[in-house]
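First the proteins, then the strands, lettered A, B, ... as listed; each starts at 1.
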Amino acid sequence: MAEQLVPAWEDVARRYGRQIYNYAYRLTGNRDDAADLVQEVLLRVKRGLDSYTPGSFDGWLWRITRNAFLDDMRRRKRRPTVALTELVAIPHTSTPSPDEVLAQVRLSDDVQVALLKLPIEFRECVVMCDVVGLSYEDIAAATKIPLGTVRSRIHRGRKMLRGLLSWPM
Amino acid sequence: MADVSRCRATEELLSAYLDGELLPDELAAAVEHLDGCETCIVTMRQLGEVRAAVRLLPWLEPPAETYVGLHPGDELSAYLDGELTTAEVELVTTHLGSCHDCRNELHDLDAARTAVRALRRVEPASSPVAPAAAAMGRGRHRRRLTLATAAAAATTAMVLAIAMATGGGGAPLDRASLATRHSARTSVEAGFSVIPASVSLEGVP
């Protein structure tokens with residue numbers, strides 16, 4: 001019975017690979033680091049699926065992802081940096097005008113640069129909430145920090161971003 | 001004049017308010033305060049714009065190599081049929097370059113697909129309208145026989161094609177080993193080549 005609820009590794013990879021990649025990219029601003037992280041997470045998921053007990057899959061997966069990210073940061077012993085040449089964006093909309101593309105890329109760059117200036121504990125909560133789309137409860141499960149702390153980190157993170165982004169509000 | 005302590009209390013709730021994460025009593029308090037406080041409404045609008053800016057960050061695609069270890073599974077048939085996107089084709093192709101099992105599976109799928117496609121077309125009876133009941137007996141029996149023969153031919157053709165694809169053209173036909181190999185994937189071939197494009201039905205009963 002229980003096995004049916006354990007997702008297959010291939011499905012996890014397909015379904016979450018892109019999310020993990022974007023999570024890592026928004027946290028680090030580096031595409032290579034993001035790709036490395038996806039592979040590391042998928043490897044850990046593969047090893048861990050056997051012992052996974054059905055519950056909050058998102059909480060489980062994002063805890064693995066977060067731990068892999070923190071391990072990687074510790075290993076590198078450097079602050080994540082952003083290479084501006086890597087900030088080439090694939091826009092959501094189908095056929096925007098060149099001006100719109102430029103504006104969108106410029107705005108995205110501003111937001112990415114601002115994100116990277118946030119202390120990591122605020123950045124990760126904002127990214128989990130607004131990039132990955134996790135609920136506060138899932139973020140609390142993934143980070144093992146209390147729900148109230150998640151809430152205040154997201155709020156304070158956004159207030160810092162408001163201060164960092166100079167575009168007119 | 002806005003009550004400063006009420007403003008501070010409400011401001012703390014604004015992000016969770018935007019995210020739909022407030023408890024019912026918090027929500028009620030926030031709504032009540034926002035109804036009359038211009039300052040907090042401005043703050044909420046600014047936070048909403050920050051939130052939207054992060055949410056609107058474009059999604060980036062991971063490089064294809066990220067998924068190289070991933071077996072395509074069901075996508076292999078779509079790959080054969082040309083039904084994948086360019087990016088997906090690239091991914092599957094890269095994977096096939098380093099995965100023996102998937103190359104073998106593709107081989108088998110291609111053989112089965114070719115065999116089915118090579119099936120002899122069965123012509124319908126001259127009149128598409130069902131004949132009168134009295135005239136049906138023999139005719140229907142014969143047609144059923146014809147269909148049965150075609151089905152047998154198809155099965156034989158498929159087994160032949162799989163044998164040709166997996167064991168080389170002259171390999172003896174061994175259904176049992178084919179079945180085992182197909183499910184257990186114990187045999188590994190040295191290389192991967194395109195199988196014969198069609199299977200002749202000449203001489204098939």
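Between B:Pro62 and A:Tyr25 there is no side-chain heavy-atom pair separated by less than 4.5 Å. Side-chain contact between A:Cys129 and B:Arg55 is present, with heavy atoms from C-beta onward closer than 4.5 Å.
By a heavy-atom distance cut of under 4.5 Å, A:Ser135, A:Tyr136 are the residues of residues 133-140 of chain A near chain B, going up by number. Listed in order of number, the residues of residues 146-156 of chain A that approach chain B to under 4.5 Å between heavy atoms are A:Arg151, A:Ile154, A:His155.
The number of heavy-atom neighbours closer than 6.0 Å to CD of B:Glu90, taken from other residues, nucleotides and ligands shown, is 12 or below.
A:Leu115 touches chain B through its side chain: at least one heavy atom from C-beta onward sits under 4.5 Å away, while N, CA, C and O do not. There is no contact between A:Ala34 and chain B, counting heavy-atom distances below 4.5 Å.
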*Go through B:Val54 and A:Arg158 one step at a time and tell me if the side-chain contact (heavy atoms from CB on, under 4.5 Å) criterion holds.*
CA-CA 9 Å; B:Val54 179; A:Arg158 284 188 187 147; over 6 Å; no
*Please test A:Arg26 against B:Leu60 for side-chain contact (heavy atoms from CB on, under 4.5 Å), starting from the C-alpha separation and ending with a verdict.*
CA-CA 10 Å; A:Arg26 295 306 171 194; B:Leu60 304 173; 4.1 Å; yes
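Among B:Ser15, B:Ala52, B:Gly20, the residue with the largest count of heavy-atom pairs under 4.5 Å with chain A is B:Ser15. Of the listed residues A:Leu42, A:Val131, A:Val127, A:Asn22, the one with more heavy-atom pairs under 4.5 angstrom with chain B than any other is A:Asn22.
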